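Naming: A, B, ... by sequence-line order, numbering from 1 per chain. These numbers come from a predicted model, not from an experiment.
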Amino acid sequence: MSSPAKSEPPVMEKIVSLCKRRGFIYQSSEIYGGINGFWDYGPLGAELKRNLRESWWRAMTREREDVVGLDATIIMHPAIWKASGHVDTFADPMVDCLVTNKRLRADQIEPQSGMVYRFTGAAGADGASSSTAFSALAPAGKPRESALKTAKAFYAARGLKDPEPIGGETGEKVENSTAYNPENGAELTEPRMFNLMLKTHTGPVESEENIAYLRPETAQAIFAQYKNVVDSSRVKMPFGICQIGKAFRNEINPRNFTFRSREFEQMELEFFIKPDEAIEIISGKVAAWSESADLSEPQDDWGWEMWHRYWVAQRTAFYESIGLGKVIHYYWQSKEELAHYARACVDILCEFPFGTEELEGIAARGDFDLSQHQKHCGKPLEYFDEELKTAAAKLGDEEKEALIQRRIAAEQAKEKGALSEAEVRAWFERLFKGFYLPHVIEPSAGLDRMALAVIAKAFDQYEKTDGKGKPETITVLRLHPSIAPVKVGVFPLLKNKPELVAKAREVFGLLKGRLNAFYDEAGAIGRRYARQDEIGTPFCVTIDFETLGEQGPELADTVTVRERDGGAQTRVKTAGLAGWLLSRL
RNA sequence: GCGGGUGUAGUUCAAUGGCAGAACACGAGCUUCCCAAGCUUGAUACGAGGGUUCGAUUCCCUUCACCCGCUCCA
């Protein structure tokens, strides 16, 4: 299996072209010129996506006893996004440097002190001039020339040749200003808000009061309905709630085909676990993770770290099952990169033609989300753990105090987000009674990215000379059979022989209800194979004269099954054909 | 959001200030005993809006989309 060379940039273009030509992915609203950041799935893309979505759902819920599903609305109470932090963190004030056009976050600019020089314009060496005002800061200790140099760059960027700025003979002293770029002292634009959440209004009147957001992630719905699920579905800790659905982000710059788009589909699991302290009280210890740890079956003494590693292993197995095993990579976020509430986060990356990019993030988020919602909605979201209450009742005061002291020490060692001693004691008081907010492991995957990843991985082209010695390029989509949009093509060897056609229609009828089959009689047999290769169909069956019994009774009612990869042909009885194929998907 | 590039048929590409062409793909017919064969035949395009001009797909402006680099990516 050859993969396209990295140094060949048109690979992505070839994939985009194939996606459109064969009906996988189209530009949204294309007849009106398209709309930036939105993509539609055509007939084959819809099947592919459905297959991916269903394999995820099957692996996450149906094949497990400890995960249930949820299907929540896209528009939810705006307070959810307040509690989650999205209203604040999704609206970053941004400024642009007037010289380099670099965009910076206004709240992250280091305050500068020094002298500001104001220029009213500039004259160019060729007689042209500019009357655009500009100011630059010479940091404390730097001469006026430093500001002058920046001003020259500013006017030069606006088309003036060798510009001589006008004005700015004397400077004004400023202290701790964030209006200038720390890198070069250039004036910055006024801060502008960039809100990454898409907004709408509920009800007939558009007003501030009825603003609603299209969800920027599906996860928050799970937290918001966590209590209902606990109360209604008899789940016991640990357990998970998963959801597949659309999410929306007003990306400033959508890029790379469907990889970063404004409307996309997420597949998220929130797996709720007992806090490590509860595990220790119940089991006497918390299992320590090591490279050789057995992650195959969950154990009672697993803390967050084992559970996190377990889900990384589970998700890895999933990617292997859809044929991405060889192209995924891991990136473990460093302590500095982690959000303050997160304990660990690993990105599962995949090799795309445009680089190795994130497919899924698996975060250990502690109890941050539920505690935020508990605080904002004012309703207790604690889980009552009878087993924990019983175990805690057997602890002596000294043992309890040892646990508390250990936690206090751990909190004091934190650089940010540490709990006070009083908060720790209050938390343990609830814990010893059997109450806690569960911690959460969150594997969060992007369905559209996954679809793009499997297409990119499967895309294969090779050169071949045809019967006339003419070279041609053959395209094959080597999709894993389990996700291929069409599972089997059914062809009569010749379409002008009614017996063959009738038999082929009969075989097609046997298959179509059980797997996605495609009937084709147009063109030479080789062309029909090629058409199926290009859309990733793993099997083709051909009805020939042997099927009709013309070559002897032993071959009657057998068909040729041709495999996409390798082209191997096998004769299979029509009676067992559906089973034969299904066992190979 | 900034800078650069590109928009012609389903795809990949031509040509042109005066009737827009090819290859492949697609449809129909013939032919063909297994990997894009051949013959006949058919349908299909100048991203959108404005300007200049007797006349614009072509020149100019605006806009939209796509690609590359920067930026952004809770």
**Request:** Compare the minimum distances between each of U31(B), G10(B), C34(B) and the side chain of Lys20(A), then state the nucleotide with the smallest one.
**Result:** G10(B)
**Request:** Report the glycosidic orientation of C19(B): syn if within 90° of 0, anti in every other case.
**Result:** syn
**Message:** Is it the case that the side chain of Arg262(A) and the backbone of Pro254(A) share a donor-acceptor pair, with hydrogens and angles ignored and the cut-off at 3.5 Å?
**Reply:** no
**Residue closer to the 5' end of RNA chain B, Gly567(A) versus Lys495(A) (nearest nucleotide)** = Lys495(A)
**Request:** Scan side-chain atoms only and decide if Gln372(A) and Tyr341(A) contain a donor-acceptor pair under the 3.5 Å cut-off.
**Result:** no
**Prompt:** Given that Trp39(A) and Gly523(A) both sit by RNA chain B, which one's nearest nucleotide is further toward the 5' end?
**Reply:** Gly523(A)
**Prompt:** For Gly566(A), which contact category applies under a 4.0 Å heavy-atom criterion: base, sugar-phosphate, or nothing?
**Reply:** nothing
**Asked** Nearest-Å distance, CZ (Arg255(A)) to P (A65(B))?
**Response** 13 Å
**Request:** Determine: side-chain N/O of Arg527(A) to OP1/OP2 of A37(B), distance under 4.0 Å, yes or no.
**Result:** yes
**NZ/NE/NH1/NH2 to OD/OE distance under 4.0 Å, Arg478(A) and Asp460(A)** = yes
**Request:** Looking at every strand, decide which applies to Ser17(A) at a 4.0 Å heavy-atom threshold: base, sugar-phosphate, or nothing.
**Result:** sugar-phosphate
**Item:** Check: C33(B) base within 3.5 Å donor-acceptor of Asp544(A) side chain
**Value:** no
**Message:** Partner lookup for A48(B), please. Criteria are Watson-Crick or G-U wobble with both distances under 3.5 angstrom; report none if nothing qualifies.
**Reply:** U62(B)
**Message:** Going by side-chain contact (heavy atoms from CB on, under 4.5 Å), Ile543(A) matches just one of Val559(A), Val501(A), Thr558(A). Which one?
**Reply:** Val559(A)
**Request:** Could you walk me through whether Ser261(A) and Phe38(A) pass the side chain to side chain contact (heavy atoms under 4.5 Å, CB included) test, one step at a time?
**Result:** CA-CA 6 Å; Ser261(A) 52; Phe38(A) 296 89; over 6 Å; no
**Between G27(B) (C1') and Glu521(A) (CD): distance, integer Å** = 13 Å
**Prompt:** Atom CD1 of Ile35(A) to atom P of A65(B): distance rounded to whole Å?
**Reply:** 7 Å
**Under-4.0 Å side-chain N/O to phosphate OP1/OP2 contact, Arg531(A) with C26(B)** = yes
**Request:** Establish, with yes or no, whether the OP1 or OP2 oxygen of C64(B) is under 4.0 angstrom from a side-chain nitrogen or oxygen of Asn36(A).
**Result:** no
**Request:** Between U11(B), U32(B), A36(B), spot the one nearest the side chain of Ala530(A), thanks.
**Result:** A36(B)
**Prompt:** NA contact type, Leu493(A), heavy-atom cut-off 4.0 Å: base, sugar-phosphate, or nothing?
**Reply:** base
**Request:** For nucleotides A23(B) and G17(B), find the distance between their C1' atoms and express it as a whole number of Å.
**Result:** 28 Å
**Request:** For nucleotides A43(B) and G5(B), find the distance between their C1' atoms and express it as a whole number of Å.
**Result:** 34 Å
**Message:** Base of C34(B), side chain of Tyr529(A) - is there a donor-acceptor contact under 3.5 Å?
**Reply:** yes
**Request:** Classify the nucleic acid contact of Gln569(A) as base, sugar-phosphate or nothing, counting any heavy atom under 4.0 Å across all strands shown.
**Result:** base
**Request:** Classify the ring geometry between Phe354(A) and Phe259(A) as parallel (under 30°), tilted (30 to 60°) or perpendicular (over 60°).
**Result:** perpendicular
**Message:** Can you measure Phe352(A) atom CZ to C68(B) atom C1' for me and round it to whole angstrom units?
**Reply:** 19 Å
**Request:** Rounded to the nearest angstrom, tell me the gap between atom CZ in Arg528(A) and atom P in C33(B).
**Result:** 13 Å
**C1' spacing across the pair A9(B) / G42(B), given as an integer number of angstrom** = 14 Å
**Asked** What integer distance in Å separates Ile535(A):CD1 from A25(B):C1'?
**Response** 14 Å
**Request:** Find the distance Leu500(A):CG to C34(B):P and express it as a whole number of Å.
**Result:** 12 Å
**Message:** Taking only the P atom of each, what is the distance from G3(B) to C46(B) in whole angstrom?
**Reply:** 30 Å
**Item:** Same-atom distance (C1') from A48(B) to C66(B), integer angstrom
**Value:** 15 Å
**Request:** Remember a base hit wins even if backbone is also touched, and classify Glu217(A) as base, sugar-phosphate or nothing at under 4.0 Å, heavy atoms.
**Result:** base
**Request:** Provide the distance between the two C1' atoms, one in C64(B) and one in G21(B), to the nearest whole Å.
**Result:** 28 Å
**Prompt:** Roughly how far apart, to the nearest Å, are A45(B) and U57(B) at atom C1'?
**Reply:** 10 Å
**Request:** To the nearest Å, give me how far apart CG (Asn256(A)) and P (C67(B)) are.
**Result:** 7 Å
**Asked** If you measure from the P atom in A65(B) to the same atom in C60(B), how many Å do you get, rounded?
**Response** 22 Å
**Asked** Which is it for Asp448(A) and Lys49(A) under the side chain to side chain contact (heavy atoms under 4.5 Å, CB included) test, yes or no, and what are the steps along the way?
**Response** CA-CA 8 Å; Asp448(A) 304 86; Lys49(A) 215 175 142 179; 3.3 Å; yes
**Asked** When we call it a touch if two heavy atoms are under 4.0 Å apart, what does Ile474(A) touch: a base, just sugar-phosphate, or nothing?
**Response** base
**Message:** Mind checking if Phe259(A) touches a base, just sugar-phosphate, or nothing, with heavy atoms under 4.0 Å?
**Reply:** nothing
